[in-house]
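Chain naming here is simple, since letters A, B, ... match the order of the sequence lines and numbering starts at 1 in each.
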Amino acid sequence: MDKARALPPDLLFRRCEPQQFKFKTTAELEELTEIIGQSRALEAIQFGIGIQQPGFNLFLLGSPGTGEYAAVRRFLEQKAAKEKTPSDWCYVHNFDHSERPRALELPPGRGPALRDDVTRLVEELRQAIPGAFESETYRAQKQVIDQEVKDRQEKAFEEIQQEAEAKGVALLRTPTGIVLAPMRKDEVISPEELRQIPDAELKRIEGDINELQKKLQTALRQAPEWERERREKTKELNREVTILAVGHLIEDLRKRYEDLPEVTEYLGKMRQDIIDNVDEFLTPPEHPFAAVMAIPQPRAPKGSPFLRRYQVNLLADHSKNHGAPVVYEDNPSYQNLVGQVEYMAQLGALSTDFNLIRAGALHRANGGYLILDARKLLMQPYAWEGLKRVLRSSQIRIESLGQMLSLVSTMSLEPEPIPVRTKVVLLGERQLYYLLSAFDPEFNDLFKVGADFDDAMDRSAENDTLYARLIGTIARQDGLNPFGPSGVARVIEHSSRVAGDSEKLLTQQRELVDLLRESDYWARAASRPAVTAADVQKAIDARTHRADRVRERLQEEYLKGTLLIDTKGERVGQVNGLSVVQLGGFAFGHPVRITARVRLGKGEVIDIEREVELGGPIHSKGVLILSGFLGARYAHEHPLSLSASLVFEQSYSGVEGDSASSAELYALLSALSGLGIKQSLAVTGSVNQHGQVQAIGGVNEKIEGFFDLCKARGLTAEQGVLIPASNVRHLMLRSDVVEAVESGQFRIYSAETIDQGIELLTGVPAGERDTSGKFPPDSVNYKVEARLIELAEKRQIAGQARKGEGET
Amino acid sequence: VSLSKDMRAIRRILVALDASPRSLSALQAAVELAAKTEAELAGLFVEDEDLLSLAEAPFAREILYSTASQVALNRSGMERKFKAQAEQARKALAAAADRARVRWTFRTVRGKVAAEVLAAAGGADLLSLGREGWSAVRRPRIGSTVLAVMAEALPALILCDRERMFTLPVLICYDGTAVAQRALATAVQVAEAGAKVLILVLLAKDPEEVRTLKEETAQLLKGSPLRLHYRSVDPENEANLLRILKSEKAGVLVLPAGKLFARREPIEGLMRDLETSLMFLGARAASELEQR
């Protein structure tokens, strides 16, 4: 059986040699435009962008800060620049249904032209129309119409009046009408006189009056009809005058847009509407909104409120764009995505029209690409639903949230939907992608392409060079000092360390950019034109120092003996485990005392952490595996008759993970065998039921945690850490640890099996079963088995005794 | 001779009111004139005795403006209508006068309209009448009231258009008589309150007379801030006179009594063709002037 191996220093840290770089500083390096180490994701993006089928929108999976936004944006912009510039879109008044504004599509650049043309037209009409109506010819024509009606009226009444006079009857006005009175000598005949008139004469008068009354009624009834005729004629005259004033102006415009049938149709309807509403051009521009009851009111928007209907609301303007748009919406709320209809307050009431329709990001990105942050999108109420609806229906329908949820039923605008063809690119964490994929049935239909961004890439000479270019590019973009070869090398080493793997490099740009900026700060502080390894190291140290208050306090408590950890001597049933604490962005390791006690029992291993609910499920799983291991290895022929308890001493918070399971097993084996465990060593690693030691996370932090304590107490050359052999490639240890190992003051061991480990920890051979199935005497396994057999026998005796008692 | 302060004073204006829109518009003009001349307004509403007695006649029917339908009349119904109309007129007067800070009185009398107006006009310097106003019957025809006023030669103003009255020049026919001088004084007062332009149409048979009249008026108007324009015409040539009067765009036409304007037809002609307010000053006005 192999023994646990003491690792040579070169396995503890994979150096990046500055000599491999041929540049003096990164300023010499070519700009890096592609995304490095993400070939899978890039292929997916290329595919997703290239394929022009519905539902092939992209979801970019990556940890925050992997730099996918900048990279994707750059990528999309390059592609979009070669694509067709999409159409301009305008909303205009719908002359048939004013509540449903019409959407007009125009070739790029012609949207603003139409808007300006129409604005200019209305301005011209505001001059031309009043001019036409103030002209002498118009006045004369209008007077002719008025006079005609007047004459007809006068003639009708004149005739009646003359007839009345001839018959001796007067027309008299009353407050509410007209009465006909018989006259004599220019005086109304009094009732007394009437009584004296003979009946025949009276009858005649009455007859005359009745007849006149009927004529008068007829004339009066005709008056409104004549008035109506007058209005009609005036209207017709106004129409003709307007057509003369307006016609050629609008015609000119229509000619300019004759290649766009929708626009010419709109202009045609506009012409008719202007003719029908010509009065609006005649009212003074200062609308009576100016003051109501002497209270000044907010100014109505430019021009008469009525004339707003002739404006053009330019929603999507691509006059200055070349190629397809790439839009990133930082605040993807529902309104910011699909647009909204705004309202303005007038005299305390809210009103709106198509001019207040505001474009959303989807309008701006129509015909191009829309990049959104998935988390932000999902956090905005209804934004996700809104986006999906647009993608499903391929059209943007502007509805307020109230309308969408049928919460309000007040009348508002229903702008005509605009067809949309845009590729949506969502950026989000993997977790979000998997959740959406699992729980939103539409998600997989609408986002068919997932581009999975890796957190790390392989470390190789080629990639080191690429990384150097990346560093150079970021330094240039952020205005940092260039990095020298040593600076670059140190950054690469640190990147491996953060990636937790000596064979990987971190691709998270956020972490990298922060380190570069901090290093630049220290280089500038030291007046160095190029950033060196020392500056990078200073940045790393300073960052650690800023964050390690808790670690220092812990260290203090170890040294004062408040927290009990032995770093020398031997103890039975006690081992130094290692755990990692993550506080914000900073992680550190520290030793934990793990103890085991054994007594006669029913074959159970009690995890005290679990009993008090301080242990997580994975931790519990690790402990239960120990029972499996013990039973399988030592209790073939007799029942496992121990009761063991395991505990993390002085642990006051939750414990999770199985990285201490090997340490627990060592403590248990020590307790069973009665052999002491060297306290100068600390242990990490999980174990399976076959006794194999398995890899764990945070190996560097754990080693450094124990090293720091040992160093503080004084290195003895006996101290060291036992790690799983499979973790060796993750080692990127601090330089002081590596130096201590080099000088033989500290050791790192790796073990593949529990047997290798226990041998190292106890200094006693583990022992293998011989052909007869026995462990060699004095081996650890022999002692453990012997103890278990002893316990089993005791249990048997105790059981029989109890049985005997029961029988008597 | 010059225009003394007393001569010029319009101190009390009698306004004959009904509640028709035209009458209310005339009221506005009267209020404005009163405000500008610091005169007092006396509102008068006459419940027409003729209409009341007519309402008792068996065949009395009223044809309503609003519906052109016939309704039977009776005296009490007519009285109620008058009452309502008088109240409406009073309110209109009160509102307009208060707004312009003009002193005012109002009373309602019953009788023949012309007689009552004339009786009330005795204490007034100017009688303001709305032109006969019924929108359908547009035939300009002087009502009996106006005729009676003219016959009595009371100073009277027949108001037409408030706007024109204060923005356009005042036109006066002047022949040098005492009445004409009195009329000139009033015309000056009205012009000063308005557009500050006075057009004098001198009624003279020959150039010599024109010169005399011109000198006379120049003397009378010495120191006046008004801009003056002169026209002259032979008073015998009635058609020519009417043509000149019609051709001048004026806000008020001031007509002193004389043989030309004793007749109904030329006045009717002027009223038909002009949108101008008319102001008559008869012999009685002149005699009052002399009494002062």
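A distance of 8.0 Å separates CZ of A:Arg221 from OG1 of B:Thr67, quoted to the nearest 0.5 Å. Note that CD1 of B:Ile63 is 4.0 Å distant from CG of A:Leu216, once rounded to the nearest 0.5 Å. Atom CG of B:Leu64 is separated from atom CD of A:Gln217 by 9.0 Å, given to the nearest 0.5 angstrom. Between atom CG of residue A:Leu180 and atom CZ of residue B:Arg61 there is a gap of 11.5 Å, rounded to the nearest 0.5 Å.
Within the 3.5 Å criterion, the main-chain N or O of A:Ile178 finds no donor-acceptor partner in the side chain of B:Glu62.
Heavy-atom neighbours of B:Arg107 CZ from other residues, nucleotides or ligands within 6.0 Å: at or below the threshold of 12. The 12-atom threshold is exceeded at CD of A:Glu193, counting heavy atoms of other residues, nucleotides or ligands nearer than 6.0 Å. Atom CG of A:Asp199 has 12 or fewer heavy atoms from other residues, nucleotides or ligands within 6.0 Å.
Among the candidates A:Ile205, A:Val179, A:Ile160, A:Asn210, the residue making the largest number of heavy-atom pairs closer than 4.5 Å to chain B is A:Val179.
For B:Glu56, the part sitting under 4.5 Å from any heavy atom of chain A is the side chain, from C-beta outward, and nothing else.
Taking 4.5 Å as the limit, some side-chain heavy atom of B:Leu54 sits within range of a side-chain heavy atom of A:Pro182.
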